[in-house]
Amino acid sequence: MEQKLFVYNSLTRNKEEFKPLNPGHVGMYVCGPTVYSDVHLGNCRTFIAFDLIYRYLLHLGYKVRYVRNITDAGHLESDGDVGEDKVSKKAKIEQLEPMEIVQRYTIDFHKVMDIFNALPPSIEPTATGHIIEQIELVKSILAAGYAYEVDGSVYFDVEKYSQNNDYGALNGRKLEDMLNNTRTLGGQDEKRGKLDFALWIKAKPEHLMQWPSPWGMGFPGWHLECSAMSNKYLGHQFDIHGGGMDLMPTHHTNEIAQNIACCGKTPANYWIHTNMLTTNGQKMSKSLGNSFLPHELFTGEHALLKKGYSPMVIRFFFLQASYRSTVDFSNDAIDAAEIFYKKLSETARKLASLQQNALTAVDEETDKGINTFCDDCYYSMNDNFNSPKTLEALNNLSKWINSYAASIRNSGEITAQTFERMKKTYTDFFFDVLGLKVEDSDSGDTDELMQLIIKLRNEAKAGKDYATSDKIREGLKSIGFQLNDKKQGTTDWVRV
RNA sequence: GGUCGGAUGGCCGAGUGGCUAGGCAGAGGUCUGCAAAACCUCCUACAGCGGUUCGAAUCCGCUUCCGACCUCCA
């Protein structure tokens with residue numbers, strides 16, 4: 001099945017066929033977190049979205065180099081390049097070494113990503129580990145004439161850059177509009193132009209994180225690290241650059257300007273931006289106080305939550321919307337996702353041991369239908385990673401799988417080839433592409449125990465002692481085990 | 001204020017000109033000792049007003065409402 005992958009490119013505002021620079025290989029850079037506090041759920045959504053993209057590219061057989069940075073210096077606290085580095089500020093507040101802050105939140109971030117079953121990137125470089133590369137980049141931009149130094153700081157000259165380049169290519173804004181609408185911020189006297197941004201910032205003596213440079217002691221501007229590190233690990237040009245939509249107008253715009261200034265090339269061919277997670281219609285952000293931390297979600301300990309949800313339910317909830325849409329967080333929506341997820345995951349669990357019946361006459365229509373649903377999995381993912389459509393295709397397969405598992409239909413009615421394809425496609429997409437897991441994988445002990453109880457209950461049932469059998473079933477249900485009697489007289493159990 | 005993007009059935013959410021997703025909730029049914037699960041059937045919406053078209057949720061215009069960015073945020 002030869003199909004083409006289409007990707008929505010923020011740079012062109014169009015869905016385009018994905019053609020990697022080097023056939024068979026993909027270079028992908030995603031802007032990672034600034035590790036000065038806990039990641040919140042909105043951050044997680046973005047990284048889960050790129051995990052889906054990464055997983056699908058791998059599934060298609062691409063050799064992917066996935067670079068996602070850790071910002072551990074240079075990300076300023078407030079505004080116009082005069083604020084304090086976020087990590088430094090937090091370190092002062094907590095009276096710790098900046099690197100203690102970085103270490104704590106980096107570990108936390110990795111844990112959370114692991115809980116959400118997001119694969120680690122191929123390379124996870126840090127800003128502080130690439131100070132030399134960043135200084136070299138500033139030198140190149142200065143040499144190219146697109147930057148100027150003022151009293152130990154170096155600024156990017158946007159107006160000069162705009163003479164030959166379209167500064168607003170990514171954010172779609174005209175230069176004059178940007179100039180007219182940029183608010184005047186304090187402490188920017190050093191800059192020649194309102195839109196100029198810092199490449200290197202002079203550090204005050206008390207600043208905790210600073211490094212020697214040709215311009216004196218200082219630290220790098222936030223936009224610089226991504227240019228330096230993508231250049232180093234993926235080259236001047238690579239395939240995909242991603243991040244949250246909120247990074248597009250400023251961070252990515254400046255990143256492109258830096259790359260063009262130093263290397264003459266737009267770094268990435270395809271720019272992919274994920275949309276925001278909202279709460280009650282407003283962007284989830286720390287400053288608005290409406291953000292969730294992952295553990296609050298798992299435990300349900302948050303004013304806006306009526307219960308806790310498991311990591312896979314949340315991952316599934318995100319997959320039910322396309323990455324380019326905002327997702328509004330509500331209990332009702334997640335409750336619905338939870339039930340749907342459990343249905344599909346129960347199918348995945350059953351599928352592992354499902355054997356095909358002896359072949360009978362092939363029901364052509366069914367056989368064809370199942371193959372179409374398998375095709376749909378690819379078709380929908382190829383359409384800009386449309387995970388909601390993929391879930392629909394899996395749901396369609398799930399109905400057949402469940403019918404066969406419950407002997408409502410005879411699995412001998414399809415060819416052995418189709419049966420195997422159905423199994424493989426469902427498994428591949430549920431686990432490998434969508435990155436879902438079957439939760440509550442109990443130890444064998446639990447199952448042995450349950451089998452014993454089920455046997456006792458079935459003995460009671462056989463003797464028509466329904467009072468006892470119902471007592472067992474109700475008792476188990478109250479502690480979280482649901483028994484399901486099957487047509488063949490066997491009984492399954494599942495956690496609820 | 002400027003720029004951009006949204007508005008889909010009770011709820012969530014796909015869908016870019018005709019073939020009228022899917023999930024959750026709801027109704028009915030099959031199965032079952034009864035349940036549960038599973039399966040089957042039903043429930044046919046696209047903010048409002050104009051326009052283009054044989055035909056529009058989908059294209060164009062206007063209106064209303066919402067959001068994002070412009071200031072740190074994935």
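Keep in mind it's a predicted model, so treat the numbers as computed, not measured. Proteins get letters first, then strands, A, B, ... in listed order; numbering begins at 1 in each.
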Review point. Would you call A:Tyr379 and A:Thr390 a side-chain contact if the rule is heavy atoms closer than 4.5 Å?
Key: no

Point to revise | Qualifying residue, where the test is salt bridge (Lys or Arg N to Asp or Glu O under 4.0 Å) with A:Glu338 and the options are A:Lys343, A:Arg315, A:Lys307 | key: A:Lys307

Point to revise | Salt-bridge criterion met for A:Glu346 and A:Lys350 (N-O under 4.0 Å) | key: no

Check your understanding: Is the phosphate of B:rA74, meaning OP1 or OP2, less than 4.0 Å from a side-chain N or O of A:Asn43?
Key -> yes

Practice item. Please determine if A:Lys89 and A:Glu94 form a salt bridge, counting it only when a charged side-chain N lies under 4.0 Å from a carboxylate O. Key: no

Exercise for review: Mind checking A:Asp470 for me? I need base, sugar-phosphate or nothing, with any heavy atom below 4.0 Å counting as a touch.
Suggested key: base

Review point. With sugar-phosphate meaning primed atoms plus P, OP1 and OP2, does A:Ser285 contact a base, only sugar-phosphate, or nothing at under 4.0 Å between heavy atoms?
Key: base

Revision key, fill the gap. Among the nucleotides B:rA74, B:rG2, B:rC69, whichever has the atom closest to the side chain of A:Asp177 is B:rG2

Practice item. Identify whether the distance between the nearest side-chain nitrogen and carboxylate oxygen of A:Lys202 and A:Glu190 falls below 4.0 Å. Key: no

Check your understanding: Just checking A:Arg45: base, sugar-phosphate only, or nothing, at a heavy-atom cut-off of under 4.0 Å?
Key -> nothing

Review point. Contact class for A:Met248 vs. all strands (heavy atom < 4.0 Å): base, sugar-phosphate, or nothing?
Key: nothing

Check your understanding: What string of B, S and - do you get for nucleotides 14-24 of chain B, 5' to 3', if B is base contact, S is sugar-phosphate-only contact and - is no contact with any protein heavy atom under 4.0 Å?
Key -> SS-----BSSS

Practice item. Identify whether any heavy atom of A:Arg457 sits under 4.0 Å from a base atom; if not, whether one sits that close to sugar-phosphate; answer base, sugar-phosphate or nothing. Key: base

Exercise for review: Would you mind classifying the nucleic acid contact of A:Gly243 as base, sugar-phosphate or nothing, using non-hydrogen atoms under 4.0 angstrom?
Suggested key: sugar-phosphate

Exercise for review: Measure from the ring centre of A:Phe47 to the centre of the six-membered ring in the base of B:rA74, then say whether that distance is under 5.5 Å and the planes meet at under 30°.
Suggested key: no

Check your understanding: What about the rings of A:His252 and A:His223, do their centers lie closer together than 6.0 Å?
Key -> no

